[in-house]
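Read through the structure below, which is laid out as structure tokens, and then see the notes.
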Amino acid sequence: MTQPISEQCQRRLELARQAVQELSGQANWYVSEHWAVTEDEIPAVIKKLRLYGGAWGYKVAAELTS
């Protein structure tokens, strides 16, 4: 039986997925179009946002951290 996803978790997942999609076109941020971001991968997304996302990336990373 699977646990229902909390609203906060769902919001973080959606934000992380949008960030990956937004930055996936950059040469230094290639991501397979078939990659589905999960809760376990959010720390990796945060790291990449801080490395490659500029000011916008830091803002989104801060939202994902809180």
Side-chain angles (χ1 to χ4, degrees):
M1 179 182 246
T2 60
Q3 294 276 3
I5 299 175
S6 71
E7 279 187 42
Q8 181 179 10
C9 180
Q10 186 64 35
R11 184 190 65 79
R12 287 182 72 216
L13 280 171
E14 184 61 32
L15 182 59
R17 289 173 181 152
Q18 287 174 353
V20 167
Q21 190 172 38
E22 180 77 25
L23 294 177
S24 66
Q26 292 186 5
N28 56 358
W29 178 285
Y30 174 76
V31 176
S32 169
E33 63 187 57
H34 303 291
W35 181 42
V37 177
T38 64
E39 184 69 25
D40 293 337
E41 294 166 329
I42 288 179
V45 172
I46 291 169
K47 183 177 179 180
K48 287 188 179 277
L49 283 167
R50 289 179 178 154
L51 284 173
Y52 305 118
W56 175 82
Y58 268 91
K59 180 180 179 243
V60 175
E63 288 182 51
L64 288 170
T65 304
S66 62

Spacing of [X] atom [atom1] and [Y] atom [atom2] [to the nearest 0.5 Å]:
X   : Y   : atom1 : atom2 : result
R12 : T65 : CZ    : OG1   : 7.5 Å
R11 : E7  : CZ    : CD    : 10.5 Å
T38 : L13 : OG1   : CG    : 7.5 Å
I46 : L64 : CD1   : CG    : 5.0 Å
E39 : Q10 : CD    : CD    : 10.0 Å

Query raised in the report: Are W56 and V37 connected in a single hydrophobic cluster, I mean Ile/Leu/Val/Met/Phe/Trp/Tyr linked by side-chain heavy atoms less than 4.5 Å apart?
Result: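 Looking at the clustering, W56 is in the same group as V37.
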Report task. For residues L49 and E63, determine if any side-chain heavy atom of one lies less than 4.5 Å from a side-chain heavy atom of the other. Result ->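 They are not in contact (no side-chain heavy atoms under 4.5 Å apart), so the answer is no.
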Query raised in the report: If you take all heavy atoms of A19 and V60, which pair is closest and at what distance?
Result: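 Heavy-atom minimum between the residues: CB-CG1, 4.0 Å.
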Query - Candidate pair Q18 and E22, rule side chain to side chain donor-acceptor pair (under 3.5 Å), full reasoning - result: CA-CA 6 Å; Q18 287 174 353; E22 180 77 25; over 6 Å; no
